[in-house]
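Read the structure below first, then the notes.
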Amino acid sequence: MISPPQDRRIVLIGGGHAHVGVLDAFRRRPPAAQVILVARDLLTPYSGLIPGVVAGAYAPQDAHIDLARLASACGVAIVHGEAEGVDRAGRQVRLRDGSRLTYDVLSIDVGVTPALDAIEGAAEFAIAIKPIGTFLAKVEKLLHEIEASDRPQRVVMVGGGAAGVEVLLALQERVQTMAAGQAGQIRFSLVTAGELLAGHNARVRAAFRRILTERSISLREGVRVTRISGDTVELESAPAEQADFVLVSTNARAPDWLANTGLPTNPGGFLRVLPTLQAEGDPDVFAAGDCADLVATPREKAGVYAVRAGPPLAENLRRRVEGRATEPWTPQARHLSLITAGANYAVASRGVFKLEGEWVWWLKRWIDRRWMDQYRI
Ligand SMILES: Cc1cc2nc3c(=O)[nH]c(=O)nc-3n(C[C@H](O)[C@H](O)[C@H](O)COP(=O)(O)OP(=O)(O)OC[C@H]3O[C@@H](n4cnc5c(N)ncnc54)[C@H](O)[C@@H]3O)c2cc1C
């Protein structure tokens, strides 16, 4: 048998949930190639624990993976930098600092970027939940400003998906721990263009409507935000909301530079990928996680699918670089969502099924921490 050449190179762009799984798979069984990870952020957040960090239940380091340590333990070289383009003809990744990296096989897992230009004023006046790395620093600043203020404050979340709901409830919980008497002066509200938690069943939606009411958080559903300014959230055909702080957790899109790779994309700029996770039109480029659209089996953008893509992506990168045929992957049709409602309560959602309680929160904590523990190397 002819052994595969060792001078081949796999370049991974982005240390997202899928590539963390690839690193782990390569640690267990290294491919016959040099592997380089290009990472804009050396500490990559694990999204499941982020609302807990906002609530104050976890320290930021509990929810981040140290990519440099992980890569080194997996025999992968790391480049701390930001990719801004791919020259596919020359098989090179272009980095923001002007340097270039040659690849034989490329994999892209760079997540999404908020589509703030969809709402006038959002880029200037609102805090976007993504990217999570910069979001956490902005939350700390917001909390300091609330603490320093001597007048009532109004916090508005725009977007009624799971991330928006979890972060708003977590923020309220955190504020409760601030100076006595101040917490009651802070009003929270959530505005969403569609239904609250539109991707979940009616019982889950009812549970969160009840929880928001119990916690005195005002909810406006079916109301589109048209403009955000320094102190107002303007709404289509409804009176404006007054706001000191506006957070945005609405639809996101893929980073703009992916469109310049010349690879086919879907609306939103997401790379179209085959069941093998290879980009349509280029078998040497793979993509996974939120930045990719699995055309044959579309799924919601969720960390759970990015995590699940890690092992099949690793296997196909290995196969491609070793000159073997790649294999199709079908993500599971449904997944269990555990949606937190502050630091000690959560709701489980899957299909038509709903359960809730403190124990759901403990279950989520156990699952999330067990996942993180795999990467504390
Ligand atoms: C508050 C919150 C809570 C959430 N909770 C859950 C949950 O409980 N369950 C769930 O399933 N989903 C959850 N999600 C969704 C989840 O975060 C995403 O689906 C998941 O992060 C997608 O992972 P990914 O691998 O696509 O990339 P990401 O995790 O977004 O990571 C992308 C990585 O790429 C890097 N990067 C970006 N651009 C470049 C570049 N140009 N060059 C180099 N590196 C780059 C970034 O630094 C980052 O490390 C939550 C989201 C939020 C905001």
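In listed order, ligands and their atoms are each counted from 1. Residues: numbered from 1 along the sequence shown.
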Sub-4.0 Å atoms of ligand 1 with respect to non-hydrogen atoms of [X]:
X      : answer
Gly48  : 8 (O)
Val304 : 10 (C), 11 (O)
Ile129 : 53 (C)
Lys130 : 17 (O), 18 (C), 21 (O), 30 (O), 53 (C)
Ala18  : 25 (O)
Gly289 : 26 (O)
Lys364 : 8 (O)
Val38  : 43 (C), 44 (N)

What protein heavy atom is closest to [atom], reported as residue, atom name and distance in Å?
atom                    : result
atom 50 (C) of ligand 1 : Ser47 CB, 3.5 Å
atom 39 (C) of ligand 1 : Val110 CG1, 3.6 Å
atom 24 (P) of ligand 1 : Asp109 OD1, 3.3 Å
atom 47 (O) of ligand 1 : Asp41 OD2, 2.4 Å
atom 45 (C) of ligand 1 : Arg40 CB, 3.7 Å
atom 33 (C) of ligand 1 : Gly16 N, 3.6 Å
atom 12 (N) of ligand 1 : Gly303 N, 2.9 Å
atom 1 (C) of ligand 1  : Val167 CG2, 3.6 Å

Chi angles and distances behind the side-chain hydrogen bond (donor to acceptor under 3.5 Å, both in side chains) call for Glu221, Thr192: CA-CA 5 Å; Glu221 294 179 81; Thr192 181; over 6 Å; no
Side-chain (Glu120) to main-chain (Thr226) donor-acceptor, under 3.5 angstrom: no
Any donor-acceptor N/O pair, Arg220 side chain to Ala238 backbone, under 3.5 Å: no
For atom [atom1] of [X], is the number of surrounding heavy atoms from other residues, nucleotides or ligands below 6.0 Å larger than 12?
X      : atom1 : value
Arg69  : CZ    : no
Asp87  : CG    : yes
Arg376 : CZ    : yes
Arg224 : CZ    : no

Nitrogen or oxygen atoms of Thr44 and ligand 1 under 3.5 Å apart: yes
Within-cut-off N or O pair, Ala83 and ligand 1, under 3.5 Å: yes
So, are [X] and [Y] salt-bridged, with charged N and O less than 4.0 Å apart?
X      : Y      : answer
Glu84  : Arg94  : no
Arg9   : Asp104 : no
Arg174 : Glu140 : yes

Test: Lys301 cationic atom under 6.0 Å from Phe270 six-membered ring centre, within 45° of axis: yes
Cation-pi, Trp366 ring and Arg370 (6.0 angstrom, 45 degrees): yes
Take every heavy atom of [X], measure it against each atom of ligand 1, and state whether any distance is under 4.0 Å.
X      : result
His19  : no
Ser337 : no
Phe135 : no

4.0 Å protein heavy-atom contact status of atom 9 (N) of ligand 1, strictly under: no
Aromatic ring proximity His64/Tyr46, centre distance under 6.0 Å: no
